[in-house]
Structures are given as structure tokens and as C-alpha cells.
Amino acid sequence: MPYSTEVDRKWQKKWEETKLYKFNPQNIDKKLYCLEMFSYPSGAKLHLGHWYNYGLSDTWARMKRMQGFEIFQPMGFDAFGLPAENYAIKTGVHPQDSTYQNIETMERQLREMGAMFEWDHEVITCSPEYYKWTQWIFLELYKSGLAYRKEAPVNWCPSCQTVLANEQVVDGACERCGTEVTKKNLTQWFFKITEYAQELLDKLEELDWPEKTKKIQTNWIGRSEGAEIEFKIENKDLSFRVFTTRADTLLGVTYVVLAPENELVDKITTDENRKAVEEYKEFAKKQTEIDRLSTTREKTGVFTGAYAIHPITGEKVPVWIADYVLATYGTGCVMAVPAHDERDFEFATKYNLPIKRVIKGEEGQVDELPYTEYGILVNSGEFDGMSSADARVNIVKKLEGESKGELKVNYRLRDWLVSRQRYWGAPIPVIHCEHCGIVPVPEKDLPVLLPYDVEFSPDGESPLKKHEGFMNTTCPKCGAKALRDPDTLDTFVCSSWYYLRYPDNKNNEKAFDTEWINKMLPVDKYIGGPEHAAMHLLYARFITKALRDAGHLSFDEPFKSLVHQGIILGPDGNRMSKSKGNIVSPDEYIAEYGSDVFRLYLAFGFAYTEGGPWSDDGIKAIDRFVGRVERIVDRVIELRKESSTDEIRKDEKELNYARHYAIKAVSEDTEKFQFNTSVSRMMELVNALYKYDQETELKNVKYMEGIIADLLRLLAPFAPHLSEELWERLGYSYSIFNESWPAFDEAALVKDIVEMAVQINGKVRGKVEVPSTADEKEIEKIALEDKKVKEYINGKEIKKVIVIKGRIINIVVK
RNA sequence: GCAGGUGUGGCGGAAUCGGCAGACGCACAGGACUUAAAAUCCUGGGUCUGAAUAAGGCGUGUGGGUUCAAGUCCCACCACCUGCACCA
């Protein structure tokens with residue numbers, strides 16, 4: 001039958017019945033773990049982005065299979081999370097019901113894609129069998145001291161009366177109602193990812209990841225080398241430390257600034273200044289995200305009335321508070337050097353604080369204040385004349401002797417806030433007991449089940465808090481009445497370990513078997529969107545390292561090699577969105593053309609990592625190409641009945657060249673996820689076959705058929721159903737995916753005669769044919785004797801002749 | 001503001017280490033087949049000057065540079081995109 005969705009269904013059924021793609025653990029030595037970022041079942045359907053990600057990853061994996069690898073390619077669902085809950089608030093449909101319904105639809109669509117997914121290994125993060133182990137991981141981290149609780153400001157929407165996740169804050173406003181988001185202090189759970197900051201940075205080097213992504217992580221971790229320097233408070237037994245990268249400017253300090261939230265503030269504020277300080281703290285707290293993000297905003301602050309003692313000069317410097325100092329970075333205190341820092345300069349100018357130059361530029365350099373470059377120290381006593389680079393070390397060394405300072409590395413990375421005051425997530429498995437404090441739920445009592453009958457309309461409190469049956473429990477330690485933790489885990493926790501569960505998803509005893517997982521992991525190829533560069537990919541790396549240190553696995557990095565697919569835009573060149581009405585939905589196209597045509601278009605129409613605008617004409621072109629392949633297969637079947645030769649003549653050699661050129665290029669390009677050029681090379685091979693059919697009177701039909709068979713082997717990963725169908729039509733045995741990937745013959749790629757361009761003074765003026773065996777001298781001779789070339793060089797002096805074998809001849813004349 | 005990326009025909013996009021720019025395809029034009037159309041098959045093509053299958057000029061965001069040779073390397077700039085954003 002001609003290619004259609006019927007063909008798709010026929011082969012999907014057969015593949016499933018014969019369990020063709022089932023991973024065989026016996027072949028563990030050839031295992032290849034190919035993983036795509038699993039999908040979030042919020043929309044009811046699979047969208048184009050899923051197809052682009054999964055379809056072409058499957059193409060890559062299929063080639064690898066044919067090259068002899070044992071492929072493990074699982075699929076699952078990242079099923080907890082806010083969209084399902086928001087949908088529930090809007091429509092009243094329970095998140096669990098809508099989620100499982102969406103999963104069902106998406107599973108069906110994923111099957112229709114015809115990928116090799118191991119459905120036996122599916123994981124769904126909202127199922128108790130899965131989140132039991134998410135909770136277990138939380139407890140493992142708690143045991144290792146990597147999970148802790150502290151009060152922290154969280155995003156708060158005053159209109160919805162609820163806490164928002166960072167992703168829900170769009171440009172400082174609530175994603176749902178547009179109200180400006182403020183901060184609210186709540187006691188929250190954190191994972192101590194900062195403890196791994198250095199390793200997360202160091203190990204990036206050895207990963208086969210896009211450089212861009214590594215750069216994003218490097219910036220996100222934000223390592224900064226500097227020093228901590230201690231200042232004492234005048235007349236009090238109190239001190240604080242500042243973090244600075246410019247210890248060389250220490251002698252230029254004219255005041256110091258604490259973050260308004262710093263706990264020292266209350267202790268040092270004088271009575272005269274207390275009112276102003278309290279007011280300012282209140283003002284700082286009310287700052288909305290929008291205000292804070294505004295870069296044009298003027299700096300504000302107030303004097304506390306207290307003075308600090310300069311650690312070197314012993315001078316008094318005023319202590320201010322200002323919200324340009326962040327409580328969460330460094331020590332939450334800074335030394336202000338207005339002469340050499342733009343922010344301090346602006347602040348000092350506004351509040352009439354002294355400005356003292358301590359660095360001057362090199363001779364002749366413009367060094368107007370604020371001068372933030374390195375230079376030579378002045379006004380710095382014993383350090384005068386020293387370079388900034390030397391001074392920033394020497395000054396700290398001097399302080400070190402008096403234990404008033406030390407060199408220090410700081411990171412921009414913050415600990416990961418994992419608790420959410422939301423319903424649709426994994427409950428945090430701890431119990432709060434009046435007598436024993438925080439008590440982890442014993443492993444045997446896991447999972448802490450998420451109850452179904454919960455009122456989840458938002459009113460600022462965790463929905464679980466209102467569920468008495470859930471909240472009330474007994475303390476596992478002392479047996480007294482106790483309460484459960486009402487918060488749920490950030491969904492990024494669920495997705496930070498799913499790749500560990502896939503290979504051992506049925507394990508009831510453990511999250512995974514250590515020995516087995518050490519064989520199956522790390523993931524050999526991970527494919528997904530670049531939007532996860534900082535969050536998911538960093539969290540997953542952290543969880544892997546934490547579990548390694550807890551003794552549960554023995555590898556350092558979860559994803560050896562990473563590829564990001566690009567984004568497919570609407571036909572108008574804009575990002576697809578409902579409001580723009582430019583959404584392309586895969587289903588209609590698949591119904592019309594079949595899933596292979598759809599996949600093949602995705603492969604051919606875009607540079608994989610770039611993406612680009614969708615085009616209906618493009619998919620039609622692929623439909624035509626598929627027709628051409630089908631017709632040439634039918635043609636050769638017909639030719640079997642006609643007379644044939646066994647000779648390998650010039651035409652056969654030419655056709656063979658096209659074959660091996662295609663094999664080589666498709667192998668190399670597909671390996672690199674360059675699907676578009678791979679398809680181009682197959683088109684060229686098809687064109688060559690048509691030419692042979694058209695122009696060669698008496699054909700070597702056997703030879704032609706052999707080349708068509710190779711074409712189908714190359715095409716199989718790109719158009720699995722079609723290729724399987726045509727393979728069968730040719731009478732070959734099931735399945736084409738048990739065939740091995742064709743190898744190319746270097747000898748077939750060597751032509752007897754090659755054409756080379758001849759340049760005169762860098763411009764192409766002619767072409768010559770030279771035997772491929774000719775050496776440079778001979779090539780030069782042939783070129784110089786060429787009639788056309790002679791005309792150009794006639795009467796001119798030949799200065800130089802450059803011959804690049806197989807490429808070009810350049811004759812320089814005067 | 002800082003960091004990174006991109007810029008190539010009417011369009012999607014190719015071009016390994018600096019070596020014939022525009023592979024492959026779309027759209028377009030011409031031809032074959034057909035009563036006709038569609039489909040199919042073949043041919044053409046960066047652009048400008050030329051009747052031209054003659055010859056030549058100009059061409060990879062802009063301006064310089066290195067080189068026998070630059071889309072590719074170096075310097076400066078422009079536009080768009082992404083990430084971070086008072087990080088001391």
C-alpha cells in the first residue's frame with residue numbers, strides 16, 4: 001500500500017507485537033542511554049516542540065541502533081506542578097484527573113510518533129510509586145545536612161493571596177492577575193546546592209555540552225574571588241565582615257553599608273535614628289519587584305547613627321543602611337569606596353558623604369572619579385605606589401595577621417528553595433512535633449500520600465494545612481500528637497532525578513539499584529530545550545553529586561553529552577502563541593501526510609539547534625520526496641523482470657560514488673544532529689538513481705537495487721514506517737532496523753579525474769580536469785597549458801603558482 | 001550596563017583546517033506527457049550590463065586590516081535575539 005497513516009499504524013502494531021525495540025540488559029556493554037527531557041502534561045496535547053525534540057532524537061537513536069548500540073530510550077511525564085493546579089482553580093477539574101487524562105492523550109500521540117520509547121520503563125512523577133522516592137531523596141539530603149529550614153523572603157501576590165514560584169513572576173508581576181509581586185518572610189526548606197558550587201563549576205569543563213549552556217551555568221554560579229574584612233562597631237562589642245573584590249581600595253572607605261534586613265541593624269541603631277531606620281526598613285520591604293528591577297532608580301538609604309572603626313587607619317566611618325546592598329549576597333554588608341565604585345559614588349554624592357581617592361591611573365591615563373579600573377595606590381600610607389593587583393593581596397595579608405581579614409571566594413549561586421505553599425506536588429516528608437521538633441518520616445512510612453479531597457483555592461496558606469486528616473499525625477519519635485509539614489516540593493525536585501528511576505522504575509525496595517544504575521548511567525545523550533540551562537540542568541547535577549556522596553551511586557555527572565533543539569516558530573516568523581493565532585498543530589499534518597513526512601520535514605526544514613519558521617510548502621516538498629522514493633522502489637521491482645547487465649561501467653561507478661558519498665555524509669551529519677544536510681544527501685542519491693534510470697539504456701538492475709537498499713537503510717531512522725514498508729515491498733526480511741548501518745567505501749569516493757578551478761590573482765578564470773593521481777607539479781603544468789588560462793597570463797610575468805591538491809590552483813601574475 | 005549568540009539569493013538553509021559562495025529544497029520560468037488540468041519527468045536560474053549558450057562588473061549586516069586566497073582570521077561599528085542584572 002502507498003505510504004499513509006495506515007502504514008504508520010501497521011508498523012507500530014508490528015513493532016509492539018514483536019517487541020522490536022525492547023532493551024536487552026544482556027547487551028549492557030553496548031548500552032546507549034538516549035534521553036529526551038520528559039514532557040509536562042499541562043496542555044492536553046503534544047505540540048510541535050515535543051515532536052521536534054522527540055522525533056529527531058529518535059532518528060539519532062535509530063541510527064545508533066543500526067550501528068550496533070543497545071538503545072535505552074525511555075519516556076515519562078513531569079506531572080506535578082502549578083499549571084494543573086491553576087487549571088483546577090479556574091475550572092474546578094481536580095489536578096489529578098486532568099493530569100492523568102492529559103497523560104493518556106499524550107501517550108497515544110507519542111505512540112503515533114513511532115519512536116522506540118520503552119513504555120515498560122515509563123515514570124509519572126505524580127504517582128505515589130514515584131514520589132515515594134522523591135520524598136526519600138529529600139530525607140537523604142536531610143540526613144546529610146543538605147536540606148535545612150530557614151526564614152526567607154518569598155514572592156507574594158497580594159491579590160491572589162498566595163506565594164508564587166519564581167517562574168510565576170513575570171516582569172515583577174503575578175502571572176495570573178498582573179498585580180505587582182512583593183516579598184514576604186516565611187520559613188522555608190532549602191537544599192544546600194551552594195556546598196557544591198565549586199564542583200559544579202569545575203566539572204563543567206569535562207562535559208560535552210554546548211559552550212553557551214556551560215557559560216550560562218558558569219555565570220549563574222558566579223564565582224568571585226575577593227576578601228572578607230572585619231570592621232568593629234565603635235563603643236560596642238560588635239563587629240561585622242564585608243566581602244570585597246577590591247581590597248586594594250580599603251584605604252578609600254568613607255562609610256559602610258548594611259542591608260536593611262541585616263540583623264545587626266537593630267543592635268547598633270542609635271535612639272535618635274531609630275525612627276528613620278524603622279521607616280526605611282518598612283519602605284525597603286514594600287519595594288515591589290518592579291521597583292527593584294528598575295535600573296534608573298535612585299539609590300536610597302539612611303544613617304544608623306553608629307560608627308565603625310576602619311581596620312587599618314582606626315578612623316570612624318558612618319554605618320548606613322541601603323537597599324542597594326543585598327542581604328543574600330556575600331555577608332550582606334559592604335565597605336563603600338565612593339572614589340572607585342559607581343554605586344558608592346552615586347550614593348555618596350547624594351548624601352554628601354566624603355569621597356577619598358586612593359587609586360590613580362597609569363601615567364597619562366584619564367582617571368576621573370569614580371575611577372573603577374585597577375591602578376596605583378595613593379593616600380594609602382605604607383601601600384602607596386603599589387599596584388592594585390599586589391595591594392589587594394598584601395592588604396589582606398596584613399589584616400590576616402590581626403585576624404581582621406582573609407582571602408575568600410564568594411558565589412552568586414543561592415541555596416535552592418524547595419518548599420511550595422501549593423497542593424499539586426510531593427508532600428514534604430517531615431513531621432513537626434512540639435517535643436522533638438522536626439522529625440523525618442521513617443522510610444517505612446513512605447510515601448506520605450497526597451490526599452485527593454483538598455480545598456485548593458488560594459488564600460495564602462498551603463492547601464494541605466486545611467486538611468485535618470492529612471495534617472494530624474503522631475510523632476514517630478515520642479508518639480505524641482504532631483503535625484505534618486503542609487508544604488509540597490518544587491517540581492524541579494521531581495525532575496532532578498527521574499533519569500535515575502527510568503532504568504529501574506519497578507523497584508519497590510529502593511529508588512534504584514545502585515549496582516545497576518552505575519552500569520546504565522550516565523545518560524549518553526540528553527536532548528531538550530535550552531530554557532533549562534540554569535535550573536533543571538544544574539539541579540540534576542547537584543542531586544547526582546549529593547546522592548553520590550551519600551553512597552547511592554558512583555558517577556559524578558548525570559548527562560555526559562547534551563544537545564538543545566531550537567524553537568520552531570509560527571509561519572509568520574513569530575513564536576507560536578494563542579494570542580497571535582499562529583499555532584501549528586502536528587495532528588492535522590500527520591493525518592494528511594503521515595508521521596514520517598512530518599518528521600522528515602522537521603529534519604529537513606531547519607538547522608536542528610536553531611529552529612525557524614514553519615512552512616506549509618516545506619512539508620509539501622517532503623511529501624513529494626517521499627513519493628519519489630516510493631516510485632524508484634516500485635520502478636526497480638518492475639525492472640527485475642527486464643533484461644539486465646552484470647557489468648560495472650562508468651554509469652554504475654558514478655552511481656556508486658553517489659551512494660558512498662551519501663553514506664559518509666549522512667553518517668557524519670546525523671551523528672552531529674545535522675539532520676537537514678543528511679536529508680539533502682539522501683535527496684542527491686535519489687536524484688542520482690533517477691538519472692541512472694533515465695539515462696542508462698541497459699541497466700545493471702541488481703546493482704541499482706543494492707543501492708536502493710542502502711538508500712532505505714539510510715532513510716530508515718528518518719522515516720521508520722515508510723522504510724519498513726518499502727523494505728517489505730522489496731521482499732526483504734523483517735525488520736530494516738535489524739539491518740546494520742551501511743559502511744562507506746573510501747575507494748569509491750576517489751574519482752579518476754577531478755575538476756579543479758584555476759584562479760588568476762585570486763579570481764576564478766577557468767577549470768581544468770586533472771587525474772586524481774597527479775602531483776602538484778603535474779597539476780601546475782596542466783593548468784598553465786590550459787587554453788583559457790594561457791589567454792590570461794599571456795605577456796605577463798608569473799610570480800607564483802599555488803596548488804592545493806583537489807581544491808584550487810591560484811596563479812599570481814603581474 | 002555585563003556576558004553570549006546570530007546576520008549569506010525572493011524564501012528555508014549549505015559551505016570540514018582560510019581554497020570554485022549559494023549544496024539540497026521551496027517559490028518561479030521553460031519543455032515533455034495529456035483533449036485539458038492536476039500529478040509526474042526533464043531543464044534553467046545570486047545580481048547587474050549584454051541579443052547572448054560571448055565577455056565582464058558587483059556580491060555573505062557596515063567600514064577597515066592580514067593573506068596568493070576571507071562567509072570563515074583580526075580590529076572597529078550597526079541591527080536583532082537570548083541569558084544575567086545594584087552580586088560589592
Side-chain angles (χ1 to χ4, degrees), chain A residues 210-220 222-224 226-227 242-247 249 256-257 259 292-297 299 322-326 328-337 340-344 346-347 372 410-414 530-531 533-534 567 573 575 601 604-607 609-610 612-622 624-625 627-628 631 665 668-669 672 674 676-684 686-687 690-691 693-695 755-767 799-813:
Chain A
E211 285 307 316
K212 192 180 171 176
T213 307
K214 293 204 230 179
K215 191 85 193 169
I216 288 172
Q217 291 213 348
T218 305
N219 293 342
W220 188 269
R223 183 189 153 102
S224 147
V242 299
F243 175 74
T244 180
T245 53
R246 291 298 302 272
T249 65
V256 293
V257 194
R292 222 181 56 72
L293 285 171
S294 160
T295 40
T296 53
R297 181 169 79 114
K299 297 199 187 333
D323 66 355
Y324 79 89
V325 174
L326 305 177
T328 46
Y329 183 76
T331 59
C333 320
V334 303
M335 58 182 221
V337 187
H340 306 292
D341 181 283
E342 274 169 35
R343 291 155 305 182
D344 298 343
E346 188 194 328
F347 193 80
T372 58
N410 231 306
Y411 299 91
R412 203 191 69 97
L413 184 70
R414 311 287 152 81
E531 65 275 14
I567 297 162
R575 261 189 121 106
Y601 171 58
F604 179 66
F606 314 86
T609 54
E610 301 293 319
W614 174 268
S615 151
D616 277 358
D617 285 336
I619 197 165
K620 279 188 201 132
I622 289 295
R624 202 172 302 167
F625 169 65
R628 269 170 86 77
R631 280 189 295 277
E668 287 171 0
D669 292 357
K672 293 183 289 192
Q674 282 197 24
N676 53 348
T677 49
S678 301
V679 177
S680 294
R681 299 296 88 83
M682 288 188 262
M683 285 173 167
E684 284 167 357
V686 170
N687 291 346
Y690 269 75
K691 189 178 172 208
D693 183 34
Q694 200 99 23
E695 292 178 6
E755 192 194 63
M756 283 178 71
V758 185
Q759 294 183 331
I760 314 287
N761 287 343
K763 288 203 168 168
V764 179
R765 297 298 186 184
K767 307 221 160 150
K799 305 269 290 182
K800 202 174 180 184
V801 179
I802 294 128
V803 177
I804 308 293
K805 234 183 135 182
R807 300 249 189 215
I808 210 157
I809 303 142
N810 192 5
I811 303 166
V812 185
V813 296

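Please read all numbers here as calculations on a predicted model, not as lab measurements. In what follows, chains carry the letters A, B, and so on, assigned in the order in which the sequence lines appear, proteins first and then strands, with residues in each chain numbered from 1. Below, each value reflects all heavy atoms present in this structure, side chains not excepted, and no hydrogens, waters or symmetry copies.
- Under 3.5 Å, the side chain of A/Lys299 and the base of B/C86 form at least one donor-acceptor pair of N or O atoms.
- Shown here is A/Glu342, whose CD atom has no more than 12 heavy atoms of other residues, nucleotides or ligands within 6.0 Å.
- To the nearest whole angstrom, the two P atoms, one in B/A21 and one in B/C26, are 25 Å apart.
- Counting to the nearest Å, the C1' atom of B/A3 and the CZ atom of A/Arg412 are 12 Å from each other.
- A syn base is found at B/C17: its glycosidic angle is within 90° of 0.
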| Reading nucleotides 9-23 of chain B 5' to 3', which nucleotides get B (base under 4.0 Å from a protein heavy atom), which S (sugar-phosphate only), which -? | ---BSSSB--BB--B
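- With a 4.5 Å cut-off on side-chain heavy atoms, A/Thr245 and A/Phe243 count as touching.
- B/U16 and B/C33 are spaced 43 Å apart, taking the P atom of each and rounding to whole Å.
- Using a 4.0 Å heavy-atom cutoff across all strands shown, A/Thr245 reaches sugar-phosphate atoms only and no base atom.
- A/Arg414 comes within 4.0 angstrom of a base, heavy atoms only.
- Comparing the same atom, P, in B/G12 and in B/A85 gives a spacing of 33 Å after rounding to whole Å.
- Using atom C1' as the reference point in both B/U60 and B/U72, the two lie 10 Å apart (nearest Å).
- Distances shorter than 4.0 Å separate some side-chain N or O of A/Tyr690 from OP1 or OP2 on B/C41.
- The separation of B/G61 from B/G7, taken at their C1' atoms, amounts to 6 Å, rounded to a whole angstrom.
- A/Asn219 and A/Arg412 are not linked by any side-chain donor-acceptor pair at a separation below 3.5 angstrom, with hydrogens and angles left out of the test.
- Comparing the C1' positions of B/C74 and B/C80 gives a spacing of 24 Å, expressed to the nearest Å.
- With hydrogens and angles ignored, the 3.5 Å screen pairs no side-chain donor or acceptor of A/Tyr324 with any backbone N or O of A/Phe347.
- Place A/Asp341 and A/Arg765 on RNA chain B by their nearest nucleotides, and A/Arg765 ends up nearer the 5' end.
- With pairs defined as Watson-Crick or G-U wobble and both atom distances under 3.5 Å, the stems of at least three pairs that touch RNA chain B come out as B:1-7 with B:78-84, B:10-12 with B:24-26, B:28-32 with B:40-44, B:46-49 with B:55-58, B:61-65 with B:73-77.
- B/G13 and B/C2 are spaced 30 Å apart, taking the P atom of each and rounding to whole Å.
- Because its glycosidic torsion is more than 90° from 0, B/G10 is reported here as anti.
- Using a 4.0 Å heavy-atom distance criterion, A/Asn687 is classed as a sugar-phosphate-only contact.
- Across the protein-nucleic acid pair, A/Glu211 atom CD and B/G5 atom P stand 10 Å apart, rounded to whole Å.
- Within the nucleic acid shown, A/Val325 comes within 4.0 Å of at least one base atom, counting heavy atoms only.
- Across all strands, A/Lys763 comes closer than 4.0 Å only to sugar-phosphate atoms, never to a base (heavy-atom distances).
- Using a 90° window around 0 for the glycosidic torsion, B/G83 falls outside it and is classed as anti.
- Every residue two or more places apart in sequence or in another chain that forms a side-chain hydrogen bond (donor to acceptor under 3.5 Å, both in side chains) with A/Asp616 is listed here: A/Tyr589, A/Trp614.
- Contact annotation: A/Arg624 reaches the phosphate of B/C26 (side-chain N/O to OP1 or OP2, under 4.0 Å).
- Between the C1' atoms of B/G44 and B/U35, the separation comes to 29 Å (whole Å).
- Closest-nucleotide positions on RNA chain B for A/Lys215 and A/Arg246 were compared, and the one nearer the 5' end corresponds to A/Lys215.
- Side-chain contact between A/Arg414 and A/Tyr329 is present, with at least one heavy-atom pair separated by less than 4.5 Å.
- A pairwise comparison of heavy atoms in A/Asp344 and A/Ala336 identifies OD2-CA, 3.3 Å as the closest pair.
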